[in-house]
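Excluded from the calculations below are hydrogen atoms, water molecules and symmetry mates; all remaining heavy atoms, backbone and side chain alike, are included. Residue numbers start from 1 in every chain, and the chains themselves are labelled A, B, ... in the order their sequence lines are given, proteins ahead of strands.
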Number of protein chains: 2
Amino acid sequence: MAKAVQLGRSLKALRAANGWSLAEVSRRTSISISTLSKVENGLLSLTYDKLIGLSEGLDVDVSVFFNKAGINPDPTPLGRRSLDDIGGGEIIDTPNYQYRYLHTDLSNKQLIPVIVEHTTRTIEDFGPLVKHTGEEFVHVLSGRIEVHTELYAPKILGPGESVYIDSNMGHAYLCVSEEPAQTLSVCVSDPTQSADDHPN
Amino acid sequence: MAKAVQLGRSLKALRAANGWSLAEVSRRTSISISTLSKVENGLLSLTYDKLIGLSEGLDVDVSVFFNKAGINPDPTPLGRRSLDDIGGGEIIDTPNYQYRYLHTDLSNKQLIPVIVEHTTRTIEDFGPLVKHTGEEFVHVLSGRIEVHTELYAPKILGPGESVYIDSNMGHAYLCVSEEPAQTLSVCVSDPTQSADDHPN
DNA sequence: AAATTATGTTTACTATACGAAACTTTTGTG
DNA sequence: CACAAAAGTTTCGTATAGTAAACATAATTT
């Protein structure tokens, strides 16, 4: 006897949420109505290829069907809060930047917020462009920075301005103001990536 | 003929990366060696329950087996960049906040950066606490805000200070300075959630 | 209410997933 | 090379996934 109660629940919930009939789902996914009916009633499981068919036809991530609850896809603990004041955070020095990682008391964060002091002033001193997984948002707090990327011409940003880039594109930030430039940057820690070089 | 080439590749790669034999994988997952062999050679697909077995036994997310390449889990396009200057962004007015969404020219971002003007001054005016999926980081740019959450005592933050919370905990930000308070906030848009109320 | 239509379930059959054991290939070890 | 041990593949029988078509039931129309 096949058991796939989760799967059935997920599908039923998804179908109800969108007001689809079995026929409609069948049309979208090319899976027969009878099969869908049995799946929802826990009489049948599904094979890999059918799961992909479901996912693509209904335009949802396959993970939807693998959630324990079938309704709450967020496994992160509830109700955490962390405060950081002006001087707070964990300071890390690197050749090109001085980082002040914020909210390091929370682990397994999805966002990595960090205050960055930009010191390097020429692309030669900087060395090769940096690339890593994920995406990042950089907002200038003070001073002026020059944003270098692999695919675009360099661009200078002042206080209040910001840039958003795919981090897998090579990038570098230089300081081009008299005083040192300071930015507030936020990265995403890719949850599908096991290793992470940030102290989150 | 069952087709599950992706699955076979993913499993083979995962197994090679960990130096496991088929017997070892079989032991961990309670799936027979013969089945595993056939899967790797694309002769067999797998059912829902077996996929869960694989995922749990090898301690990886099921999504690993649904990646197109079987090696690169990041489906986002490469090399995007977006700039926003001081006045830029898409302004949205709500009763409690005025939002200026940044980098709206990029869709399917993982991060949602937004400049928020805080206008509401009392928790009564604010109404019920807000909750939604994901996490958020709020950095005060100017003025002072009072952070209300479901599980903690209210806390006042000034310029340069910040807070990080799980957004599924009820929360509200009030303005407590003479002048209107301004913050830079970043949310994550949960990729497992299909609908999204942000203009990303 | 009878006829019609839309939706979900059951039946009966075919295709395929799955495991046990036989077989083949590779990798040592004397 | 012989032999053994380990790793992987193939065979074959059984269980289950999958479909089409018949059936049942609810919702609309005439």
Side-chain angles (χ1 to χ4, degrees), chain A residues 1-68 70-71, chain B residues 1-68 70-71:
Chain A
M1 227 159 285
K3 281 211 199 132
V5 191
Q6 293 178 40
L7 176 59
R9 275 198 232 283
S10 306
L11 177 56
K12 200 159 204 160
L14 183 61
R15 198 164 67 83
N18 290 80
W20 291 326
S21 65
L22 287 180
E24 174 64 16
V25 174
S26 174
R27 192 188 62 73
R28 287 174 186 249
T29 61
S30 306
I31 297 173
S32 74
I33 295 179
S34 57
T35 296
L36 295 171
S37 169
K38 288 178 210 167
V39 168
E40 286 196 357
N41 295 332
L43 302 174
L44 204 67
S45 182
L46 277 186
T47 51
Y48 183 78
D49 27 352
K50 298 292 160 190
L51 284 166
I52 289 185
L54 258 194
S55 158
E56 290 183 351
L58 304 183
D59 197 32
V60 294
D61 195 276
V62 278
S63 63
V64 167
F65 304 113
F66 288 92
N67 296 326
K68 306 284 175 286
I71 199 80
Chain B
M1 226 160 287
K3 282 212 202 134
V5 191
Q6 292 177 43
L7 176 59
R9 275 199 231 284
S10 306
L11 177 56
K12 199 158 204 162
L14 184 62
R15 197 165 66 83
N18 290 81
W20 291 324
S21 65
L22 288 179
E24 175 63 16
V25 174
S26 174
R27 192 188 61 75
R28 288 175 186 248
T29 62
S30 305
I31 298 173
S32 75
I33 295 179
S34 57
T35 296
L36 295 171
S37 168
K38 287 175 212 166
V39 167
E40 286 197 356
N41 295 336
L43 302 174
L44 206 67
S45 179
L46 277 187
T47 51
Y48 184 77
D49 23 354
K50 298 292 161 189
L51 284 166
I52 290 184
L54 259 194
S55 157
E56 290 183 350
L58 303 183
D59 198 31
V60 294
D61 195 276
V62 277
S63 64
V64 167
F65 303 114
F66 288 91
N67 295 326
K68 306 282 176 285
I71 197 78

Any base atoms under 4.0 Å from A:Ser30, or only sugar-phosphate, or nothing? Heavy atoms, all strands.
sugar-phosphate

With distance as the sole test, does A:Thr29 use its side chain to make a donor-acceptor pair with the main-chain N or O of A:Val25 at under 3.5 Å?
yes

With no hydrogens and no angle check, is any side-chain donor or acceptor of A:Asp61 less than 3.5 Å from a backbone partner on A:Ser63?
yes

Let me know the distance between CG of A:Leu44 and C1' of C:dT16, rounded to the nearest Å.
12 Å

Check: B:Ser10 side chain, B:Gln6 main-chain N or O, donor-acceptor pair, under 3.5 Å
yes

Value in whole Å for how far the C1' atom of D:dA17 lies from CG of A:Asp49:
10 Å

On the nucleotide D:dT16, are OP1 or OP2 found under 4.0 Å from the side-chain N or O atoms that B:Lys50 carries?
no

Taking A:Arg28 first and then A:Glu56, would you say they form a salt bridge - that is, a charged N and a carboxylate O separated by under 4.0 Å?
no

So, B:Ser37 and B:Ser34: side-chain donor and acceptor under 3.5 Å apart, yes or no?
no

Could you tell me the separation between the CD1 atom of B:Ile52 and the P atom of C:dC18, rounded to a whole number of Å?
12 Å

Kindly write out the residues that satisfy side chain to side chain contact (heavy atoms under 4.5 Å, CB included) with B:Val62, not counting sequence neighbours, or none if the list is empty.
A:Phe66, B:Ser55

Euclidean distance, atom OH of residue A:Tyr48 to atom C1' of C:dT16 [Å, nearest integer]
17 Å

Could you check how far CG of B:Leu36 sits from P of D:dT10, rounded to whole Å?
15 Å

Report yes if a side-chain nitrogen or oxygen of B:Thr35 is closer than 4.0 Å to either non-bridging phosphate oxygen (OP1 or OP2) of C:dC18; otherwise report no.
no

Could you encode protein contacts along nucleotides 4-9 of chain D as a string, one character per nucleotide from 5' to 3', using B for base contact, S for sugar-phosphate-only contact and - for no contact, with a heavy-atom cut-off of under 4.0 Å?
----SB

Interatomic distance, B:Leu43 CG vs C:dA17 P [rounded to whole Å]:
10 Å

